[in-house]
Amino acid sequence: MSDTVRVRFAPSPTGHLHIGGARTAIYNWAFARHHGGSFILRIDDTDKERSTDENTQAILSAMRWLGLDWDEGPDAGGEFGPYSQALRKGIYDQALNELKLAGNTYPCFCDSALLEAKRETARAAKKYSGYDRTCRNIPAHESEKRIAAEEPHVWRIKTPLDRGDIIIDDVIRGQVTFPLSAMDDFVLVRTDTSPTYMFATVVDDWHMGITHIIRGDDHLSNTPRQVIVFEALGAKAPVFAHMGLIFGPDGKRLSKRHGATSVESYREMGYLPEALLNYLALLGWSLDEDNVFDRDTLVRRFELSRVSKNPAVWDIGKLEWMNGVYLREMTAEEFISKVLPLLQDAGLIAGDQASHSSDWLLELAPLVSERIKRLDEVVEMVAFLFTDDLVIDERSFDAVLAKEGASDALEAVASALNEVEMTPEAVEEAMREVHGKLELKPKLVFQATRVAVTGSTVSPPLFESIVLLGRERALKRVWAAVDSIKKRR
RNA sequence: GCCCCCAUCGUCUAGUGGCCAAGGACUCCGCCCUUUCAAGGCGGCAACAGGGAUUCGAAUUCCCUUGGGGGCACCA
């Protein structure tokens with residue numbers, strides 16, 4: 001391979017980073033890293049109305065959060081900058097001039113209303129609705145005069161009429177042929193002298209030396225137009241690779257009405273960047289052996305030839321599972337560092353700081369990390385450890401504490417806890433003795449204690465929870481439960 | 001309407017003419033483990049859209065149909 005790989009991701013800052021865009025970015029990034037090439041980030045902000053700097057910043061931070069890095073970009077710089085289309089006007093003007101000199105473009109004076117009317121007529125007649133090339137036949141001296149007279153005009157591509165069909169060798173799709181007859185002389189530069197997307201991206205990809213364009217299927221139909229522009233500029237078109245889009249469960253393009261679509265919202269929901277990256281990578285690409293792989297493996301093994309053509313349906317259930325896998329793999333330290341801010345936000349950890357030493361938190365970590373799918377579930381799961389007035393869940397009360405013998409069991413547990421050493425093993429031993437002595441079912445003893453201490457039949461492991469809670473608070477809760485059982489009677 | 005793409009379990013996919021009475025993962029359902037919930041282990045349900053053609057042989061090649069998607073702008 002003579003050329004070094006150069007790929008780009010060109011998001012439009014009209015919103016946050018979309019899940020689909022993120023996947024495109026990941027594939028481009030992985031491809032670049034795999035081949036030791038460059039990954040370029042370019043901001044496609046030609047839509048001045050809807051583009052904002054806040055969005056640009058949000059996209060950059062979402063990408064960083066996912067662990068993607070780029071070699072050239074608006075913040076990183078690079079020799080082919082600027083990396084924001086809004087700042088590249090001069091380059092587009094220059095490119096248009098070159099096209100004029102080469103005779104590959106011509107001014108068109110047709111106004112929008114007229115074009116719209118023509119389109120409708122053509123469609124009604126079931127004919128091709130592209131531009132009919134009226135202005136292509138205006139002699140040069142005449143159009144020069146009209147331009148000099150400041151008559152509004154756009155610049156259109158002069159599609160070579162003798163070119164033959166446009167064949168694209170798509171890495172993912174194979175050979176795709178577009179009949180030249182379906183190509184019209186589309187607009188390159190608008191009346192206000194701004195470039196259209198079709199023109200700006202091609203000029204940029206050309207100037208930036210992009211070697212491979214990896215993007216969504218939705219651009220496949222635009223590709224022949226872009227090839228025409230590359231050729232008109234005298235440039236070699238890059239290699240194209242079009243992957244299937246991401247759909248919602250109803251088979252329609254994934255959008256807001258299917259639920260959260262931005263990377264940011266998944267971060268907020270408690271998904272880990274590694275999990276999201278892994279899951280996204282799997283949506284259209286796969287490894288024979290594994291579903292779970294790290295960043296390095298993705299880079300090492302990524303190949304365009306293994307990217308699938310068909311669209312993929314967004315499956316939040318699988319993402320959840322994957323997130324759980326990564327959650328369980330974390331060390332206690334990592335886990336706590338992710339979870340601490342959440343506990344603080346929920347107001348759980350501010351008050352009683354002293355008893356919540358980092359050792360204490362580290363012991364807590366493995367107990368909960370194994371039981372959750374999303375980080376934000378932590379709060380509910382550990383809340384019982386932080387409150388001073390525990391509320392016992394009604395259904396749990398009815399299911400366990402209302403049973404015959406519950407109160408006796410709790411009293412015996414209380415006296416056992418009074419003496420025992422505060423380690424999970426010792427607590428367990430003491431409690432097993434309780435059910436032996438009282439001839440109660442172990443399940444009743446354990447569950448009654450669980451409900452008394454944690455407020456629910458569902459909780460982290462019992463003995464560890466008691467130890468984390470501390471003797472004093474545990475006892476208080478057991479007695480409180482005994483009281484409330486008596487009150488119910 | 002015109003042009004283009006896609007089509008294997010509910011979902012993500014493996015499969016590139018015989019190794020496939022189609023493999024893995026998620027989900028779902030059993031069982032085991034077990035003081036709860038998880039996790040884990042074991043097992044199960046479940047697919048080549050339909051029709052032609054090529055071939056000794058087709059999930060794999062070709063054609064048609066059907067279904068889905070995308071594009072056809074002075075949006076990106």
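Model, not experiment: these values are computed from the prediction. Reminder, nothing fancy here: chain letters follow the sequence lines and each chain counts from 1. Keep in mind that the numbers below use all heavy atoms, side chains included, and drop hydrogens, waters and symmetry copies.
B:rC37 and B:rC28 have their P atoms separated by 15 Å, with the value rounded to a whole Å. Taking atom C1' in both B:rG70 and B:rC29, one finds a spacing of 39 Å when rounded to whole Å. Taking the C1' atom of each, B:rU16 and B:rA59 are spaced 11 Å apart, rounded to whole Å.
At least one side-chain nitrogen or oxygen of A:Arg253 sits closer than 4.0 Å to the OP1 or OP2 atom of B:rG71. Between A:Arg306 and B:rG15 there is a side-chain polar atom (N or O) within less than 4.0 angstrom of OP1 or OP2. Side-chain nitrogen and oxygen atoms of A:Ser308 include at least one within less than 4.0 Å of the OP1 or OP2 phosphate oxygen of B:rU13.
Between A:Arg42 and A:Asp205 there is a salt bridge, since a side-chain N of the basic residue sits under 4.0 Å from a carboxylate O of the acidic one. Ion pairing of A:Asp45 with A:Arg50 is absent here, as no side-chain N (NZ or NE/NH1/NH2) approaches a carboxylate O to less than 4.0 Å. Salt bridge status for A:Glu421 with A:Arg471: absent, with no side-chain N to carboxylate O gap under 4.0 Å. Taking 4.0 Å as the cut-off between side-chain N and carboxylate O, A:Arg371 and A:Glu377 do not count as a salt-bridged pair. Here A:Arg257 pairs with A:Asp250 in a salt bridge; the nearest charged N to carboxylate O distance falls below 4.0 Å. A salt bridge links A:Arg374 with A:Asp376; the closest basic N to acidic carboxylate O contact falls under 4.0 Å. Between A:Glu428 and A:Arg432 a salt bridge is recorded (basic side-chain N to carboxylate O distance below 4.0 Å).
Under the Watson-Crick and G-U wobble criteria, each requiring two contacts below 3.5 Å, nucleotide B:rG1 is paired to B:rC72. Base pairing of B:rU55 is not made with any nucleotide, judged by Watson-Crick or G-U wobble geometry with both donor-acceptor distances under 3.5 Å. Across all strands shown, B:rA25 forms a Watson-Crick or G-U wobble pair, both distances under 3.5 Å, with B:rU11.
Using a 4.0 Å heavy-atom distance criterion, A:Ser286 is classed as a sugar-phosphate-only contact. Across all strands, A:Thr449 comes closer than 4.0 Å to no nucleic acid atom at all (heavy-atom distances). Residue contacts shown for A:Thr46 are limited to sugar-phosphate atoms, with no base heavy atom under 4.0 Å away. In this structure, A:Gly324 reaches neither bases nor backbone, as no heavy-atom distance under 4.0 Å exists between it and the strands shown. Residue-level contact check: A:Gly244 touches neither bases nor backbone, having no heavy atom under 4.0 Å from any strand. Across all strands shown, A:Lys441 has no heavy atoms under 4.0 Å from either base or sugar-phosphate atoms. Residue contacts for A:Asn222: at a heavy-atom cut-off of 4.0 Å it reaches a base atom on one of the strands shown. Residue contacts for A:Val154: at a heavy-atom cut-off of 4.0 Å it reaches a base atom on one of the strands shown.
Heavy-atom contacts from other residues, nucleotides or ligands closer than 6.0 Å to CD of A:Glu116 number more than 12. Shown here is A:Lys89, whose NZ atom has more than 12 heavy atoms of other residues, nucleotides or ligands within 6.0 Å.
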Produce the list of close N/O pairs, under 3.5 Å, pairing protein atoms with atoms of nucleotides 60-66 of chain B; give distances to one decimal.
none

Using a cut-off of under 3.5 Å, enumerate the N/O to N/O pairs linking the protein to nucleotides 6-8 of chain B.
| from | atom 1 | to | atom 2 | distance (Å) |
| --- | --- | --- | --- | --- |
| B:rU8 | OP2 | A:Asn310 | ND2 | 3.3 |

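The distance from atom CD1 of A:Ile168 to atom P of B:rG71 is 16 Å, rounded to the nearest whole Å. B:rU13 atom C1' lies 12 Å from atom CH2 of A:Trp285, rounded to whole Å. Spacing between atom CE of A:Met183 and atom P of B:rG71 amounts to 15 Å, rounded to whole angstrom units. One atom, CD1 of A:Ile157, and another, C1' of B:rA73, lie 17 Å apart when rounded to the nearest Å. Rounded to an integer number of Å, the gap from A:Leu254 CG to B:rU11 P is 16 Å. For the pair A:Arg119 CZ and B:rG71 P, the computed distance is 16 Å after rounding to whole Å. Residue A:Asp170 contributes atom CG, which lies 18 Å from atom P of B:rG70 at whole-angstrom precision. The distance between atom CG of A:Leu245 and atom P of B:rC4, rounded to the nearest whole Å, is 18 Å.
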Identify each donor-acceptor pair in which a side-chain atom of residues 149-156 of chain A lies under 3.5 Å from a protein atom, sequence neighbours left out, and give them as a table.
| from | atom 1 | to | atom 2 | distance (Å) |
| --- | --- | --- | --- | --- |
| A:Glu151 | OE1 | A:Arg146 | NE | 2.9 |
| A:Glu151 | OE2 | A:Arg146 | NE | 3.3 |
| A:Glu151 | OE2 | A:Arg146 | NH2 | 2.7 |
| A:His153 | ND1 | A:Glu151 | O | 2.9 |
| A:His153 | NE2 | A:Trp155 | NE1 | 3.4 |
| A:Arg156 | NH1 | A:Asp185 | O | 2.7 |

Would you list the atom pairs, donor with acceptor, under 3.5 Å between side chains in residues 10-21 of chain A and any protein atom, with sequence neighbours excluded?
| from | atom 1 | to | atom 2 | distance (Å) |
| --- | --- | --- | --- | --- |
| A:Ser12 | OG | A:Asp44 | O | 3.4 |
| A:His16 | ND1 | A:Glu264 | OE2 | 3.2 |
| A:His18 | ND1 | A:Gly20 | N | 2.9 |

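Scored by the salt bridge (charged side-chain N to carboxylate O under 4.0 Å, His left out) test, A:Asp218 finds A:Arg253 as partners (sequence neighbours excluded). Partners of A:Asp393 under the salt bridge (charged side-chain N to carboxylate O under 4.0 Å, His left out) rule, at least two apart in sequence or in another chain, do not exist in this structure. Checked against salt bridge (charged side-chain N to carboxylate O under 4.0 Å, His left out), A:Glu411 has the following partners two or more places apart in sequence or in another chain: A:Lys486. Among residues two or more places apart in sequence or in another chain, the ring-ring contact (aromatic ring centres under 6.0 Å, His included) test is passed with A:Tyr27 by A:Phe302. Every residue was checked against the ring-ring contact (aromatic ring centres under 6.0 Å, His included) condition with A:Phe384, not counting sequence neighbours, and none meets it. Residues passing the ring-ring contact (aromatic ring centres under 6.0 Å, His included) test with A:Tyr279, sequence neighbours excluded: A:Trp314.
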*asked:* Protein within reach of the bases, or only the backbone? For nucleotides 29-34 of chain B, mark each nucleotide 5' to 3' as B, S or -, using heavy atoms under 4.0 Å.
replied: ------
*asked:* What does the B/S/- profile of nucleotides 37-45 of chain B look like, 5' to 3', with a 4.0 Å heavy-atom cutoff to protein?
replied: BBSS-----
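You'll find that the side chain of A:Lys318 is closest to B:rA25, out of B:rC3, B:rC74, B:rA25. Ranking B:rG70, B:rU35, B:rC3 by closeness to the A:Gln447 side chain, first place goes to B:rU35. Proximity note for A:Phe247 (side chain, C-beta onward) versus B:rC4, B:rC26, B:rG68: the nearest is B:rG68. Picking from B:rC12, B:rC5, B:rA76 the nucleotide with the shortest atom distance to the side chain of A:Leu283 gives B:rC12.
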